[in-house]
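Below you'll find the structure, written out as structure tokens, and then a few comments.
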Number of protein chains: 2
Amino acid sequence: MSDLRILYTFTKIYLMFSKGCEYAIRATIYVALQSQRNQCTNLKAIAEEVGSPVAFTAKIMQQLVKNNIVYSVMGPTGGFQMDKERIDQVNLSEVVNAIDGDAIYRGCGLGLEACDASQPCPVHDKFAKIRDDLQKMLEETSIYELATGLEVGMTFLKR
Amino acid sequence: MSDLRILYTFTKIYLMFSKGCEYAIRATIYVALQSQRNQCTNLKAIAEEVGSPVAFTAKIMQQLVKNNIVYSVMGPTGGFQMDKERIDQVNLSEVVNAIDGDAIYRGCGLGLEACDASQPCPVHDKFAKIRDDLQKMLEETSIYELATGLEVGMTFLKR
DNA sequence: GGCATATAGGATAAAAAGGTCTTACAATCT
DNA sequence: AGATTGTAAGACCTTTTTATCCTATATGCC
């Protein structure tokens with residue numbers, strides 16, 4: 001790792017999702033949990049609970065509302081909430097798609113623009129399998145499942 | 001996708017590796033192929049062949065040299081080359097590690113710093129499986145294998 | 001030796017992602 | 001009515017990532 005600092009300053013952990021998408025997933029899980037308790041959660045509480053910057057979280061919540069993942073309630077005692085049926089229906093894939101789009105499923109592992117089965121990059125097939133597994137996992141994982149783990153105290157959203 | 005442009009300007013395809021790492025993999029495969037033909041390849045040729053910016057590629061090649069993945073030869077007729085034994089030995093994981101470090105195996109899918117088996121984030125287990133598969137794949141894939149596909153004309157490094 | 005051609009390495013610049021602030025406004029509660 | 005909360009959009013700032021440039025140094029060849 002140390003040598004890398006010649007190339008990059010590098011503190012970032014390069015992973016699957018954009019930062020905004022990570023916040024979106026965490027926020028959705030939290031709102032789902034609160035919604036199960038029939039509670040509307042306001043922006044500040046969400047940001048605090050998922051450890052995300054307030055202003056940035058506001059943009060992300062707007063995006064989640066637009067994509068019909070959560071809904072918003074104006075006025076005092078307002079905030080964000082999820083329909084109870086939606087908690088079961090919405091899966092991780094939907095949330096990711098709302099923020100990052102579907103690039104994660106489509107993109108080439110080596111960054112080539114015109115990489116597909118007919119003109120594959122050297123790692124095309126090997127990556128395709130990993131990506132398919134990822135996609136399947138994201139589609140099979142419901143927000144309900146994740147919120148439940150959080151409620152039971154088995155999982156955590158911060159730090 | 002269109003709605004996203006409110007949040008991000010977004011042309012980027014957010015994936016597994018940094019840009020530098022993608023170039024590194026492509027470059028290593030190309031150098032390996034040339035080395036099998038006992039040819040030393042200079043920077044300019046590499047950059048041209050893998051479609052990467054010359055100056056940036058120079059930095060990446062330095063990194064690959066430091067990590068003993070390729071070696072460099074100075075002076076006219078110089079460039080980069082791989083020991084023939086190394087072509088078999090080196091796997092994708094080594095190349096990735098040389099540029100991006102091992103963050104891809106360690107990092108939390110939701111970006112939490114203190115996420116592990118004892119204090120997992122809601123998607124910890126599901127991500128762990130995908131990441132383990134990715135790691136295994138990267139470790140099992142040799143540069144030799146990838147260079148061979150390229151030589152045979154089955155795979156491509158550009159566009 | 002002298003020259004051409006390479007890589008090495010530091011400094012710097014450009015672009016993208018991440019994040020903040022401000023302004024105007026709409027809804028809803030007390 | 002007034003306070004509180006979200007909506008929407010734009011301008012702006014900061015950090016990280018990506019990329020370039022310049023000078024030093026090594027090597028092969030004449």
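Side chains are part of it too, since the values below use all heavy atoms of this structure and drop only hydrogens, waters and symmetry mates.
Not less than 6.0 angstrom separates the ring centroid of A/Y30 from the ring centroid of A/Y23.
Closest to the side chain of B/M74, out of C/dA8, D/dA19, D/dT7, is C/dA8. Candidate nucleotides D/dT18, C/dA4, C/dG18 were compared by shortest atom distance to the side chain of B/S18, and D/dT18 ranks first. Listed nucleotides D/dG28, C/dA8, C/dT28 differ in distance to B/P76; the shortest reach to its side chain belongs to D/dG28. In this structure, of C/dT20, D/dT20, D/dA9, it is D/dT20 that holds the atom nearest to the side chain of B/F56. Checking C/dT7, C/dG19, D/dA19 against every side-chain atom of B/S72, the shortest atom distance belongs to C/dT7. Side-chain proximity of A/A55 to D/dT7, C/dT20, D/dA19: nearest is C/dT20.
Projected onto DNA chain C by closest heavy-atom contact, A/V73 and A/V54 fall at different nucleotides, the more 5' of which corresponds to A/V54. When the nearest nucleotides of DNA chain D are assigned to B/P53 and A/T77 by heavy-atom distance, the more 5′-ward of the two goes with A/T77.
Atom-to-atom, NZ of B/K19 to P of D/dT20 comes out at 13 Å; the value is rounded to the nearest Å. Across the protein-nucleic acid pair, B/D100 atom CG and D/dT18 atom C1' stand 13 Å apart, rounded to whole Å. Regarding A/M61, its CE atom lies at a distance of 13 Å from the P atom of D/dA8, rounded to whole Å. At whole-Å resolution of the value, CD in A/Q81 and P in D/dT5 are 16 Å apart. Atom CG in B/L64 sits about 11 Å away from atom P in C/dA8, given to the nearest Å. The separation between B/I60 atom CD1 and C/dG9 atom C1' is 15 Å, rounded to whole Å.
You'll find a donor-acceptor pair under 3.5 Å spanning the side chain of A/K59 and the base of D/dG10, going by distance alone. Below the 3.5 angstrom threshold, one finds no donor paired with an acceptor across the side chain of A/Q62 and the base of D/dG6.
Within the model, atoms CD1 of A/I60 and CD1 of A/I25 stand 11.0 Å from one another, a figure rounded to the nearest 0.5 Å.
Non-hydrogen atoms lying under 4.0 Å from DNA chain C are contributed by B/N42, B/L43, all within residues 27-49 of chain B.
Between A/E145 and B/K126 there is a salt bridge, with a side-chain nitrogen of the basic residue lying less than 4.0 Å from a carboxylate oxygen of the acidic one. Remark: B/K136 does not engage B/D132 in a salt bridge, criterion side-chain N to carboxylate O under 4.0 Å.
The list of side-chain hydrogen bond (donor to acceptor under 3.5 Å, both in side chains) pairs with a residue in residues 44-57 of chain B, not counting sequence neighbours, reads B/S52-B/T57.
A donor and an acceptor atom, one from each side chain of B/D100 and B/S18, are located under 3.5 Å apart.
The backbone N or O of A/E94 lies less than 3.5 Å from a partner atom in the side chain of A/N91, making a donor-acceptor pair.
Residues B/C121 and B/C115 come closest through the heavy atom pair N-SG, 3.3 Å.
Nucleic acid contact for A/Y71: none, since no nucleic acid atom lies under 4.0 Å from a heavy atom of the residue.
Between B/Y23 and D/dT18 there is no side-chain N or O to OP1 or OP2 distance below 4.0 Å.
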